[in-house]
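A quick write-up on the structure given underneath.
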Amino acid sequence: MSEQLDKIYNPGEVEDRLYSGWVEKGYFTPEIDPEKEPFTIVIPPPNVTGQLHMGHAFDETLQDILIRYKRMSGYSTLWVPGTDHAGIATQIKVEAELREKEGLTRYDLGRDEFLKRVWDWKEKYGSRIINQLKKIGSSCDWSRERFTMDEGCSKAVREVFVNLYDKGLIYRGPRIINWCPHCITALSNEEVEHTEQAGHFWHIKYQIKGTDDYVVIATTRPETLFGDTAVAVNPEDERYSAIVGKTLCLPLTDREIPIIADEYVDKEFGTGCVKITPAHDPNDFEVGKRHDLEIIKVMNDDATMNAYAGKYEGMDRYECRKAMIRDLEEMGLLVKVEDHSHNVGQCYRCGTTIEPIVSDQWFVKMKPLAEAAIKAVDEKHTEFIPERFSKIYMNWMENVYDWCISRQLWWGHRIPAFYCDECGEMTVSKEDITTCPKCGGKVRQEEDVLDTWFSSALWPFSTLGWPEKTKDLEYFYPTNVLVTGYDIIFFWVSRMIFSACEHTGQAPFKHVFIHGLVRDGRGEKMSKSKGNGVDPLQIIEMYGADALRFTLVTGVAPGNDMRFPVTYEPPVEPGKNPDVKVNKIVGAPGVEASRNFANKIWNASRFVLMNLTVNERKLPDVSEMQLEDKWILHEYNQLVQAVTENLDRFELGIAVGKLYDFIWDKFCDWYIELIKPRLYDEDCPSNKAAQYTLSYVLSGALELLHPFMPFITEEIWQKLPHEGESIVIAAWPKYNEGLEFAKEATDMELIMSALKAVRNQRSEMNIPPSKKAKVFIKTEKADVFTQSTLFFEKLASASEAVVVGDDFVAPENAVSCVVEGAQIFMPLDDLVDKEKELERLTKEKERLLSEIKRVEGKLNNQGFVAKAPAQVVEEERKKEAKYREMLAKVEESLKAFN
RNA sequence: GAGGGUAUAGCUCAGUUGGUCAGAGCGCUUGCUUGACAUGCAAGAGGUCGAUGGUUCAAGUCCAUUUAUCCUCACCA
């Protein structure tokens with residue numbers, strides 16, 4: 001066998017080679033096999049022109065772990081990859097480039113030419129993110145790669161739109177929507193982010209017509225005054241009851257507006273008088289409807305003032321605000337200005353303060369759709385993991401409002417509505433039409449496109465061929481798991497669920513596995529503007545994809561955020577954000593630890609390969625197994641069970657933790673060390689048994705680890721004796737009853753604790769390694785020690801001799817220690833620090849006494865004995881016996897010492 | 001205003017169904033070029049599990065209250 005490996009694992013060298021091999025072999029492309037159970041995940045499609053960030057890396061890693069696990073477990077696994085056209089984000093990028101390079105706007109180019117540019121851009125950068133996904137090892141079926149604007153997805157979008165429209169669940173009409181004056185489009189509520197900002201309350205006098213009296217209204221957005229069509233007071237507000245119905249002169253204009261009474265007004269707040277601006281405020285819009293008020297829009301699409309603002313026309317909204325406040329002050333109409341902090345909505349893409357504005361838009365009527373979506377989760381057709389996220393989902397679903405789906409963008413699915421210029425008829429159609437079905441007149445298509453999330457909402461089934469009844473759809477749908485961050489539950493998860501329920505009659509996935517956010521070392525959200533983002537590709541470059549993947553899942557509980565600390569050169573002052581241009585990432589301590597783990601595996605394997613002469617993967621005959629073989633096989637068997645169980649429960653962090661402990665601690669630090677003598681000695685009768693066990697356990701452990709660290713496991717697995725062509729499609733290890741060696745495992749514990757005790761003693765006593773000493777072990781289980789030579793071999797280098805027995809007199813001038821089942825003496829003569837040893841023994845005695853006290857307390861408690869399960873009580877009894885026995889030995893040692 | 005998360009060793013975090021649960025990594029101390037690995041080996045120090053009360057034979061674990069902190073949604077002009 002012996003194939004030499006390098007001393008240090010070099011991930012860069014193997015990763016690309018292995019990955020392209022896997023793709024060539026078609027391991028990631030599943031067969032539609034009725035004999036097999038399908039397992040499907042659709043990827044949360046990243047922005048087609050985006051770049052991989054740490055959040056993606058985390059998301060992809062989790063999905064890949066699940067997919068690889070299921071693939072090895074015999075499922076026909078499909079992981080559908082793809083990208084999202086990301087309407088606003090992409091359009092903004094292309095527009096920015098256009099402005100920078102050519103000094104043009106999209107309007108200069110016109111719709112068709114601009115769209116051509118976006119498609120060019122998409123062609124240019126669309127493969128970038130896909131290649132980056134491959135870098136981290138994602139085992140997606142690239143033959144099924146999709147794009148939200150490809151033919152199939154577009155067809156699904158139209159189908160859904162027309163279906164909903166025909167059912168009356170899509171309507172068009174004027175509503176107050178969130179308007180981004182920078183992107184020049186409407187936004188849904190989910191696309192608006194609120195931040196607390198310092199603002200002002202301007203108190204302004206509105207004169208009552210024909211009198212010198214006035215009312216004072218308070219506003220945070222004085223510029224909307226030009227759109228006021230009433231002032232409202234609470235009908236029960238006695239202060240104002242006399243003036244309800246009177247007319248006010250709207251300042252800075254020649255318009256007159258009525259005073260009306262409406263429940264909406266809070267008597268206690270502000271002055272109790274509210275200016276009503278139906279065109280610029282959602283509440284006012286409702287009041288306006290109730291009182292049949294005129295709707296006056298005072299701003300243009302770019303948030304400059306229009307003709308209604310009179311002399312302020314053309315000014316930007318804030319410029320106008322300043323100017324009019326100055327004028328009002330001069331006119332004596334400004335009563336006072338109060339500081340007031342309030343939440344201001346901003347566009348989630350460009351950060352511009354949004355303007356609530358009345359506008360004709362398309363909406364999805366949500367209430368009827370939400371019902372089925374609530375039911376789907378209520379009845380557990382879809383389950384959130386962790387469960388708490390279902391509450392967040394329910395909360396949103398139960399309080400949904402209609403979804404504004406039209407965007408005044410060019411990049412996206414154009415709404416399939418056609419207007420007839422002749423008769424005014426509007427036709428919604430799956431197919432493009434050129435003439436009006438009613439009058440035969442010429443029609444033109446709606447200019448608006450759909451919200452990006454409209455097509456994303458169909459992703460789980462549109463990617464599988466819906467609305468066609470494809471084989472993929474039939475076999476792979478509904479999907480099994482959706483993996484995504486909690487930040488897009490509203491944007492995406494909710495909408496997929498109600499869309500799927502409505503259009504496919506089924507929940508789109510069985511489980512929604514929600515994960516947290518990857519934050520920087522200080523717990524702040526990573527962002528480009530802050531410069532604290534960490535590029536996963538750079539980390540892969542530095543440490544390898546396996547190390548990154550391992551870091552991202554280790555020690556993380558489902559749904560919790562994680563920190564990703566890195567070190568910079570030059571170092572970044574604590575409390576400050578790094579400067580992306582100056583500070584370079586030179587290290588990532590967490591990933592370093594993972595890299596070390598990879599290196600550990602590599603070297604353990606190197607050792608195995610160096611010592612392996614057998615060329616077959618099989619278990620040794622039980623009769624040839626030594627104690628430590630049975631022990632490691634037993635532990636391995638437990639590991640198989642634990643890893644499998646935890647993967648099934650989405651506890652990836654726990655699963656990977658168990659693997660780490662097993663490989664590093666049990667396999668490397670104990671098993672390999674223990675069998676070295678057997679391996680080095682070719683004549684040793686159990687030499688072969690050691691080899692078989694070694695390669696059997698290592699191969700199995702690699703298989704269990706493969707979903708987490710696909711590259712290194714494959715690289716090594718290929719060099720070990722194996723059947724099959726790749727670990728990617730190797731069978732997932734199964735629990736094997738024949739490998740239960742509970743007794744041997746217990747015996748090994750005894751040997752290990754004895755060994756640890758000896759090391760501990762020597763270390764505590766500062767015995768130089770060169771100093772050999774005799775070791776006496778007094779135990780009733782002498783056979784455990786003598787049965788296998790390993791213990792002596794292990795001690796041989798450090799010991800003069802080892803004596804085991806259950807009946808000998810304690811040597812003089814010896815340090816001693818007690819472990820469960822054995823008492824160990826080391827005569828060290830002059831090296832023994834008597835005082836120290838006495839102190840240590842006394843301390844040990846006290847410890848045991850307190851343990852006994854605790855256990856006794858429990859056992860003397862009638863309630864405990866009566867109510868606790870028999871097994872628990874039994875365990876406590878055993879503990880008591882154990883401690884008493886140990887105490888006796890410690891006391892004996894103390895006596896001998898004095 | 002509504003809902004939710006988090007609080008465990010110096011740091012970053014695990015801890016599953018209440019019963020060896022007080023853990024890991026990093027850092028720290030001590031000693032090691034032991035024929036896979038110094039990206040390593042061995043030994044060790046370090047925690048009233050935010051606070052108070054409750055349920056229970058038994059509580060980091062369940063319940064209530066409370067403090068700190070973070071997040072999401074909503075919002076009164």
Side-chain angles (χ1 to χ4, degrees), chain A residues 5 7-9 189-190 193-194 201 217-221 224 231-232 264-266 268-277 281-284 287 340 342-343 386 388-389 391-392 394-396 399 486-487 489-490 516-517 519 521 523 525 543 547 551 554-557 559-565 589-590 592-611 642 645-646 649 651 653-654 657 660-661 665 668-669 672-673 676 680 756 759-764 766-769 797-798 851 858 861-869 871-873 875-876 879:
Chain A
L5 300 183
K7 201 166 171 179
I8 284 178
Y9 172 58
N189 289 12
E190 286 69 31
E193 284 172 354
H194 296 272
F201 251 142
I217 58 93
T219 179
T220 54
R221 287 157 68 214
T224 62
V231 163
Y264 153 71
V265 181
D266 180 351
E268 311 300 324
F269 191 84
T271 62
C273 292
V274 186
K275 64 196 268 305
I276 300 298
T277 323
D281 182 280
N283 291 313
D284 294 5
V287 175
H340 176 68
H342 56 150
N343 273 341
R388 66 171 186 268
F389 290 105
K391 269 191 210 164
I392 294 178
M394 284 297 188
N395 231 314
W396 186 84
N399 301 296
Y486 59 70
D487 50 334
I489 292 178
F490 305 140
L517 267 39
R519 298 171 176 277
K525 220 167 164 173
Y543 301 104
T551 308
T554 205
V556 180
N560 285 6
D561 290 352
M562 64 181 307
R563 294 187 192 206
F564 199 100
E592 213 166 287
S594 306
R595 187 270 321 261
N596 293 352
F597 179 52
N599 193 240
K600 185 74 185 174
I601 296 167
W602 183 256
N603 274 290
S605 306
R606 192 160 81 100
F607 172 83
V608 172
L609 290 169
M610 279 163 61
N611 290 285
E645 273 175 18
N646 282 295
R649 297 172 41 238
E651 289 284 358
I654 294 176
Y660 183 92
D661 289 344
D665 191 48
C668 293
D669 289 347
I672 287 185
E673 291 306 321
K676 272 178 179 174
Y680 294 153
K756 272 189 160 176
R759 287 174 184 162
N760 183 339
Q761 279 294 327
R762 295 184 61 102
S763 173
E764 293 243 316
N766 287 322
I767 315 293
S797 57
E851 285 295 332
K858 265 191 169 180
N861 182 333
Q862 285 307 314
F864 175 72
V865 180
K867 290 190 183 174
Q871 202 189 334
V872 175
V873 177
E875 266 169 36
E876 290 299 322
K879 261 188 241 172

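Here is how names work: the chains are called A, B, and so on, in the same order as the sequence lines, proteins then strands, and each is numbered from 1.
E851(A) is linked by a salt bridge (charged side-chain N to carboxylate O under 4.0 Å, His left out) to R854(A), counting only residues two or more places apart in sequence or in another chain. With sequence neighbours excluded, no residue satisfies side-chain contact (heavy atoms from CB on, under 4.5 Å) with A593(A). In this view, Y680(A) and F607(A), N611(A), K676(A) satisfy the side-chain contact (heavy atoms from CB on, under 4.5 Å) rule, not counting sequence neighbours. Partners of S594(A) according to the side chain to side chain donor-acceptor pair (under 3.5 Å) rule, which considers only residues two or more places apart in sequence or in another chain, are T551(A). Taking F490(A) as the reference, W396(A) meet the ring pair (Phe, Tyr, Trp, His ring centres under 6.0 Å) condition, with sequence neighbours excluded. Partners of L517(A) by side-chain contact (heavy atoms from CB on, under 4.5 Å), not counting sequence neighbours, listed by chain and number: Y486(A), D487(A), R519(A), K525(A), D561(A). Taking E190(A) as the reference, R495(A) meet the salt bridge (charged side-chain N to carboxylate O under 4.0 Å, His left out) condition, with sequence neighbours excluded. For N760(A), there are no side chain to side chain donor-acceptor pair (under 3.5 Å) partners two or more places apart in sequence or in a different chain.
For rA24(B) and rA58(B), the P atoms lie 29 Å apart once the distance is rounded to whole Å. Spacing between rU33(B) and rU48(B) at atom P, rounded to whole Å, works out to 37 Å. The same atom, C1', is picked in rU29(B) and in rC70(B); the two are 36 Å apart, to the nearest Å.
Pairs of Watson-Crick or G-U wobble type, with distances under 3.5 Å, assemble into runs of 3 or more in RNA chain B at these ranges: B:1-7 with B:67-73, B:10-13 with B:23-26, B:28-32 with B:40-44, B:50-54 with B:62-66.
G555(A) comes within 4.0 angstrom of sugar-phosphate atoms only, judged by non-hydrogen atoms across all strands, and of no base. When heavy atoms are screened at a 4.0 angstrom cut-off, A868(A) is found touching base atoms of the nucleic acid.
For the pair N766(A) and rU30(B), the criterion of a side-chain N or O lying under 4.0 Å from OP1 or OP2 is not met. The side chain of H340(A) contributes no N or O atom lying less than 4.0 Å from OP1 or OP2 of rC76(B). Phosphate contact (OP1/OP2 of rA74(B), side-chain N/O of H194(A), threshold under 4.0 Å): present.
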Using a 4.0 Å heavy-atom cut-off, write out nucleotides 38-43 of chain B from 5' to 3' as B (base contacted by protein), S (sugar-phosphate only) or - (no contact).
-> SBSSSS
Starting at the 5' end of nucleotides 60-71 of chain B, put B wherever the base has a protein heavy atom under 4.0 Å, S where only the sugar-phosphate does, and a dash everywhere else.
-> ------------
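Taking both residues in full, the closest heavy atoms of W602(A) and K7(A) are given as CD1-O, 4.2 Å, listed atom of the first, atom of the second, then distance.
If you check rA77(B), rU16(B), rA14(B) against the side chain of Y264(A), the one that comes closest is rA77(B). Nearest to the side-chain atoms of Y680(A) among the listed nucleotides rG35(B), rC37(B), rC76(B) stands rG35(B).
In this structure, CG in D665(A) is found 10.0 Å from NZ in K600(A), a value given to the nearest 0.5 Å.
Distance, I654(A) CD1 to rA24(B) P: 16 Å, rounded to whole Å.
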Mind listing the N/O atom pairs, protein and nucleotides 3-8 of chain B, below 3.5 Å?
from	atom 1	to	atom 2	distance (Å)
rG3(B)	O2'	N395(A)	ND2	3.4

